[in-house]
Amino acid sequence: MADSSMAASTAGANPRRPLAGAGTSHWGEKLIKVFLALCAAFSVLVTTGIVLSLVFPTISFFGQIPLAEFLLGTTWAPAFAQASFGVLPIVVGTLIVVVTALAVSVPIGLASAIYLSEYASSRVRKVVKPALEVLEGIPTVAIGLFAFFFMRPLAEQLFPFFPWDTPFSIGIAGVAVGLLIVPLVASVSEDAMRSVPAGLREGAYALGASKMRVSMRVIFPAAISGIIAAVVLGTSRAIGETMVVLIAAGAGNPNLTFNWFGSAQTMTAYIGGTATGDISQGTVVYDTIFAVGALLFSMTLVMNIIATRLVRRFREVYE
Amino acid sequence: GGGGEADSSGGEGGGELSGQIQIDGSSTVGPLSEVAAELFMEQNPGVQISVAMSGTGGGFERFCNGETDMNDASREISEEEIALCEEAGISQERITVANDALGVIVHPDNPIDCITVDQLNQIWGPDSSATTWGDVEGLEAGDAADSEFTLYGPGTDSGTFDYFTEAVNGEEGSIRTDYTDIGEDDNAAITGVEGDANAMAFVPYSYFMEAGDAVKPLQIDSGDGCTEPTLENVQSGAYTPLGRGLYVYASDVALENQASVAFMNFYIENSAEITETAGFIPLTDEQMSTATEQIESLSS
Amino acid sequence: MPDNGEHVAERTAPGGVDTASPEETPVFSLRDVSVSYGDHLALAGVNMDVNAREVTAFIGPSGCGKSTLLRSLNRMNDLITGARVRGELLYKGADLYAPSVDAVQVRKRIGMVFQKPNPFPKSIYDNVAFGPRTVGMKGDMDGIVEKALRGAALWDEVSDRLRDNAYSLSGGQQQRLCIARAIAVEPDVILMDEPCSALDPVSTVRVEDLMAELKERYSIVIVTHNMHQAARVAERTAFFSVQVDDAGNRIGRLIEAGETGTIFTKPTDKRTEDYISGRVG
Amino acid sequence: MPDNGEHVAERTAPGGVDTASPEETPVFSLRDVSVSYGDHLALAGVNMDVNAREVTAFIGPSGCGKSTLLRSLNRMNDLITGARVRGELLYKGADLYAPSVDAVQVRKRIGMVFQKPNPFPKSIYDNVAFGPRTVGMKGDMDGIVEKALRGAALWDEVSDRLRDNAYSLSGGQQQRLCIARAIAVEPDVILMDEPCSALDPVSTVRVEDLMAELKERYSIVIVTHNMHQAARVAERTAFFSVQVDDAGNRIGRLIEAGETGTIFTKPTDKRTEDYISGRVG
Amino acid sequence: MVIQKGEQPQRSRLAVAGARSATESVFGAGSRADRIGNVLFRALLLLGMGFALLGMMAIIVWSFVDGMPRLDMNLITEGPSSITPETAGYRTAILGSLYVIGGVILFIVPVGVGAAIYLEEYADHTRWWNRLIEVNIQNLAAVPSIVFGILGLAFIVRGPLDLGFVAAAGSLTLSLLVLPTVILASREAIRAVPSSTRLGSLGLGATHWQTIWHHVLPGALPGIITGVILSVSRAIGEAAPLLLVGAVTFVMFDPSFFEGQFSVLPVQIYNYAGRPQEEFRVLASAGVILMLAVLLVMNSFAIWLRNHYENKNAR
Ligand SMILES: Nc1ncnc2c1ncn2[C@@H]1O[C@H](COP(=O)(O)OP(=O)(O)OP(=O)(O)O)[C@@H](O)[C@H]1O
Ligand SMILES: Nc1ncnc2c1ncn2[C@@H]1O[C@H](COP(=O)(O)OP(=O)(O)OP(=O)(O)O)[C@@H](O)[C@H]1O
Ligand SMILES: [Mg+2]
Ligand SMILES: [Mg+2]
């Protein structure tokens, strides 16, 4: 049957093509898609840049220091006369900070998130949520100074029986980093909980579930992928935090120690300090910056692969 | 990129100089250059001086890349860095702009007042096994002899660390490994020593001067008797081996412009005011004339 | 159940509450109940009783406040900020909105099934088991789940995939799952907001049969658009409508309530009659 | 419209497409159509024609693939990853799934109303105006909006609050808004997936009347659970059911399709008869 | 019910008690353990949130107490000084921060949201390259900021882009740092837009982009804005990567975007905090307060914006 043309369609007169239509928007749509795809692909470029900027100095580093010594050695003293390049001490320093920070921020952050999403009145939420977001922006330098000048002395006064040998404490630095990431964890996981459809909440309440049960058994599992993402983001912030540790953790000593109360160095603080220090470029010591950077990068990579698996496993579909 | 593009139409010493001068380098010397820059700009508002503190090494990298005009340094330029500069066709000269002293500080209650270089070496040396004051030969520690000491040192990437290890232990970076590294912030060493009767640390002059009575800088005996780390003793060279110079490296390329030359001369001529403000020790007359000559020869 | 003037052997409802025969104590007594959302008065001046062990249907045009009133009966409106219930709303003689009453306890006894299916993003099994676990029911959970699923006419379709996610079910299946979930806790009253609007006729019949079965033990209130359904399942029917006041506000009102037969055949109010006759098979 | 062997004066549908009389070109021709989601075959071997300017109803039990087939008719299934349509699906003789066909153009001509009301979170006005603006309809937008709202029997209720958010409407009002929205672009075909399942009878009547009006100009396919509705509004009815194969898979099948009267009174297939007779009101 | 001597209060108390016990006999009270558990749980949550807020407040208060003496106009109007810390301020650093942040916003909003739209709305997730991009972004979000400093130094300051040690380079470095956060937050926001909204639009014959532009983006806007706020807040406070791209600078003149040296607030604060003289420490604390004020202003604006859209968007 004859189809007369669609408005603005040249092909519409063709009775065989009742569906042909304004193709004009087509190009626009394609162009937009290409632009958006480029935006997304840009991130790959960034990663490539990071890898490239790390890889050459790292290769040069491992030309002089065996990989095994780097990864397994227990003394980190690149700038010493008897130089030693065992990275474990600063890896352990980083781990202490991360574990401490998570121990502080996950319970506090999730508690805040659940409270805000499920308990708080909208008025409270309207005040507290933005406040958390402002706090998220507290400069890390400020938190470092606070940890060093306030928290650490206070901790010694409160718990004099612990071995506070130095004005520094890696543990206190970890607690401060924990404080720093609380808003992040809280805010991201609150978003996840709030985006759980209201129908689920209603359904659970209608079964006589208490708020606690609704929060923990329905909302929490439904939002778990977002919550894991929040914790992963927090973890990576903790691993990557430089300034707080630079100020409040000192640099410890080159040997492998697990002293929570004492001074120690982390990987990022080492990079930050050394890169702005007086080390001359082209030396092995200078190259350690990149080797440590590469290690950090690989560690976060591995962590993320694991996290992505977890998120995928827990992602719940609704609607 | 970088500096060097100041236009020199203003003529010498006048108030009409203009252009940009970029300085980078050591964070120890940085505050000194800042004071110099600030004072200089007051008189020459047309000149814009920026002082970065990427560290001596990072600074040399930029300096030899032609990105900066001058480099603050708390140590001498290394072989690698010289090569870099040569590659870029930049010839540089070390100009001493101030004197500094490393102070070995202890708690004010510590009975020790004076220490020999050898005793310092016994404490800080790479093979040291000393853990109490009493372990150190000839140290008059009195009641504190049996107390274990705590040691603080600055970041191993700092010029202060290099200088101290070389002066006391004979080799850069040669030091026992079980002391506490305080990293970037020398104030932390003051805080540490202040709060611990058995602590010892070494810090730059400005830090222990500012701390006042909170800590006690020890006199150093390098064979000629105990010497206090005072301004006069450092200038006269009596405070050895922990007195040191602080440097600005300038390049021939940078000194092609009048503003840079004027600034360097200003830096030297006003040494007394600049160093006092920044908490360092002024140049001696001899050092000043050497510096002036160096500037002269580089810029011609 | 005839009221012969004395207590017949009473059955104990799962909630542990003794229920009287229908004629004795109404399960809900509403006196001048009105509900507003913020400034907006959605429903006003409702007076009615809901009898125990019967099905009561709420009918009326869209927006007349049926869902609103239904949600007031188990305090689901507590969850909507701005929602406010006024008047006297008694459940077995006890004020539902007394300060000492815990809304959670209310909802344990007064279950609800919603208009849009809202299964949890969990397995089919866990969806059904959630309620019983919540109210602390002991015993054979598999049995409880199976019973509830059979009750909701869903067992045959899902028995071999109880561990699948509930979202893999079709819309109708999801709704029946929600009914199973509500039944599983064996509440005292079940409120249903258009529970069959997403069901096919075959499932609808099963659910309606189920209601007939359930009303022997439970009281049921159902909102429905399907007047046939009301006629089939409900002993009593309440007809609501929207009145527009002078200021142009649309306020829901209870027009009349009574025996279903009476409402459908001899409505006393003109509006009811109009509505009933304006309807189509 | 009787086919007298020659072209009767053809009306031009608003989309600008000439539609043939029903008997001439079926608007949809399905040949051996099957739809699967990933590995799961949801619907298989459907052969049928849908005539223009008629209402065609899809009925059948829950999960039999009615919605699935409906979505295939305007390529909404394209949006479900894993969904795959096989067989020949012709729209006015043109292959709907030909590579050169743009799904967007398809949906401009073949509109859709969904089971769950899904208004946009915008004002009532903007909800209705979005479609016309999108397809570039010129002219008096206020008039277009009013006409569509009247068509959906919603105008009287919302005319004084067109700027209010659509979510402030009750469920039934929301669904009628969605119908208004679909009507506003004056498509060629309107697909409706249980459009009345959330409507009260009065609105239902209006919508049904509307369908009767609309079918003079548009072709309508409706999925419904309400067999009375199918009987009332549809010229032709297709009955679907679920077959369980040996492996236990539940596959949707078209059992029979034909004149509504025939299907309801003299079904040729036993399953249809069972379904029809097992149904209620 | 026993009524004692017509005592009014006593009687009404009894009446209340009677009514209560009647109510309780109807509804039961729930098990004691349950009730205690619920109260305890709520208390724990409150405690957690209290900790979060108090901990952060302590930092602010502490900075206030420390920086109080220097809270004056000079703090904003004056440049840095090594000679007169009593009157020195952050003028040039504030300008530097503004330049850097302005650049960050201009960069991350289009690129970040664009990438998020692509990944949520267009990308076929079965294709390896799209999966690569996703995994890559997630990983980038976890890369320590200092590593971005290394990247910035090698590729932006020097190398291919060769911008030099200027504000633009710092800005770009921080943009790369926070880009993944913006993308991830925007994706979450876009994903939270119900698919029924999309279907409704597509069902009307709207094109994919029309659907995104008119329905998905407006719906996701509050979430996107939150993501941008979080990212920009972070960028303002971030010092570590800027240490490597040249912000550790004493500049007494107003900076510009593409030319000349620059400094930013946190770096300037860090710089002052490490000085031997007490006056600089005070100045540093005052700087912290200044930064918080800047953050507050920005956040307030963004929150206003977000509420504005949230109200428009429904419920
Ligand atoms: N959460 C809410 N907030 C504000 N107003 C509401 C809310 N829910 C319902 N309303 C309003 O209250 C009135 C009654 O709505 P309700 O949903 O109870 O009607 P209904 O009879 O159930 O309609 P339907 O048959 O369409 O479901 C309507 O005008 C509606 O707009
Ligand atoms: N998006 C989807 N992904 C996977 N399977 C689906 C999807 N949608 C539907 N199905 C499956 O396809 C089959 C047919 O579903 P469909 O929704 O078409 O049924 P229906 O006849 O519309 O049922 P109802 O009357 O309950 O709406 C069901 O088994 C369902 O589980
Ligand atoms: Mg309703
Ligand atoms: Mg369906």
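We name chains A, B, ... by the order of the sequence lines, and we start the count at 1 in each one.
- Both the backbone and the side chain of Tyr270(E) come within less than 4.5 Å of a heavy atom in chain A.
- Within the 4.5 angstrom heavy-atom criterion, atoms from both the backbone and the side chain of Ile138(A) approach chain E.
- Interface remark: Ala275(A) contributes side-chain atoms only to the contact with chain E (heavy atom separation under 4.5 Å).
- Of the atoms belonging to Leu46(E), heavy atoms from both backbone and side chain fall under 4.5 Å from chain A.
- Both the backbone and the side chain of Val46(A) come within less than 4.5 Å of a heavy atom of chain E.
- When heavy atoms are compared at a cutoff of 4.5 Å, Leu140(E) approaches chain A solely by way of its side chain, counted from C-beta outward.
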Assess the residue pair Trp129(E) and Val44(A) against the criterion (side-chain contact (heavy atoms from CB on, under 4.5 Å)); give the C-alpha distance rounded to whole Å, side-chain angles, the decisive distance to 0.1 Å, and a yes or no. CA-CA 10 Å; Trp129(E) 57 84; Val44(A) 178; over 6 Å; no
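- Listed options Phe150(A), Phe35(A), Tyr115(A) were ranked by heavy-atom pairs under 4.5 angstrom with chain E; first place goes to Tyr115(A).
- Interface remark: Leu38(A) contributes no atoms to any contact with chain E (heavy atom separation under 4.5 Å).
- Considering only heavy-atom pairs separated by less than 4.5 Å from chain A, the leading option among Val147(E), Val113(E), Leu153(E), Val111(E) is Val111(E).
- Using a 4.5 Å cut-off between heavy atoms, Thr235(A) makes no contact with chain E at all.
- Here Ala240(E) is the residue among Pro241(E), Ala240(E), Ala154(E) with the most heavy-atom pairs under 4.5 Å with chain A.
- Here Phe107(E) and Phe42(A) bring their ring centres to under 6.0 angstrom of each other.
- In this structure, OG on Ser112(A) lies 8.5 Å from CG on Leu45(E), to the nearest 0.5 angstrom.
- Ranked by heavy-atom pairs under 4.5 Å with chain E, the list Met303(A), Lys129(A), Met212(A) is led by Met212(A).
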Please step through side-chain contact (heavy atoms from CB on, under 4.5 Å) for the pair Phe41(E) and Met216(A), ending with a clear verdict. CA-CA 10 Å; Phe41(E) 182 69; Met216(A) 297 308 290; 3.5 Å; yes
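- Counting heavy atoms from C-beta on, the side chains of Val267(E) and Val141(A) never come closer than 4.5 Å.
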When you look at Leu54(A) and Leu151(E), which way does the side-chain contact (heavy atoms from CB on, under 4.5 Å) test go after all the steps? CA-CA 8 Å; Leu54(A) 289 174; Leu151(E) 168 74; over 6 Å; no
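- Heavy-atom distances place the side chain of Leu246(A), and not its backbone, under 4.5 Å from chain E.
- Within the 4.5 angstrom heavy-atom criterion, only side-chain atoms of Met291(E), from C-beta onward, approach chain A.
- Inter-residue side-chain proximity for Phe155(E) and Ser53(A) is flagged as met; some heavy-atom pair is nearer than 4.5 Å.
- Taking the side chain as every heavy atom from C-beta outward, Asp191(A) and Glu188(E) never approach each other to under 4.5 Å.
- Neither the backbone nor the side chain of Ile305(A) comes within contact range of chain E; no heavy atom of the residue lies under 4.5 Å from a heavy atom of that chain.
- In this structure, the side chains of Leu243(E) and Met243(A) come closer than 4.5 Å at one or more pairs of heavy atoms.
- Side chain of Glu29(A) to main chain of Trp209(E): a donor-acceptor pair is present (N/O by atom type, distance under 3.5 Å, no hydrogens or angles).
- Note: Asn304(A) CG to Asn139(E) CG = 5.0 Å, rounded to the nearest 0.5 Å.
- For the set Ala307(A), Gly144(A), Gly49(A), Ala142(A), the entry with the most heavy-atom pairs within less than 4.5 Å of chain E is Gly49(A).
- The shortest non-hydrogen separation linking Ala111(A) to Gly48(E) is CB-CA, 4.0 Å.
- Only the side chain of Ile32(A) comes within contact range of chain E, with heavy atoms under 4.5 Å apart.
- Residues Pro144(E) and Thr300(A) meet the side-chain proximity criterion, which asks for heavy atoms closer than 4.5 Å.
- Both tests hold for Arg281(E) against Phe149(A): distance to the six-membered ring centre under 6.0 Å, angle to the ring axis within 45°.
- Of the two parts of Leu244(E), only the side chain, counted from C-beta on, holds a non-hydrogen atom closer than 4.5 Å to a non-hydrogen atom of chain A.
- Pro107(A) does not touch chain E: none of its heavy atoms, backbone or side chain, sits under 4.5 Å away.
- The greatest number of non-hydrogen atom pairs below 4.5 Å with chain A, out of Gly274(E), Ala284(E), Gly114(E), Ala142(E), is found for Ala142(E).
- Put simply, OG1 on Thr140(A) and CZ on Arg234(E) are 9.0 Å apart, with the number rounded to the nearest 0.5 Å.
- With rounding to the nearest 0.5 Å, the separation of OG in Ser63(E) from CD1 in Ile143(A) is 9.5 Å.
- In terms of non-hydrogen atom pairs under 4.5 Å with chain E, the most contact-rich of Val104(A), Thr47(A), Val51(A) is Thr47(A).
- Proximity to chain A is limited to the side chain of Ala192(E), based on heavy atoms less than 4.5 angstrom apart.
- Ile150(E) CD1 to Ile271(A) CD1: the interatomic distance, rounded to the nearest 0.5 Å, is 5.0 Å.
- Aromatic ring orientation, Phe146(A) versus Trp62(E): perpendicular (interplanar angle above 60°, classes split at 30° and 60°).
- At a threshold of 4.5 Å between non-hydrogen side-chain atoms, the residues Lys33(A) and His208(E) do not count as touching.
- Between the side chain of Asn136(E) and the main chain of Ser43(A), a donor-acceptor pair closer than 3.5 Å is present.
- With rounding to the nearest 0.5 angstrom, the CD1 atom of Ile146(E) is 10.0 Å from the CD atom of Glu241(A).
- For chain A, no part of Ala185(E) is nearby; none of its heavy atoms comes within less than 4.5 Å.
- Minimum interatomic distance between Ser145(E) and Gly240(A) (heavy atoms only, all atoms of both residues): OG-O, 4.0 Å.
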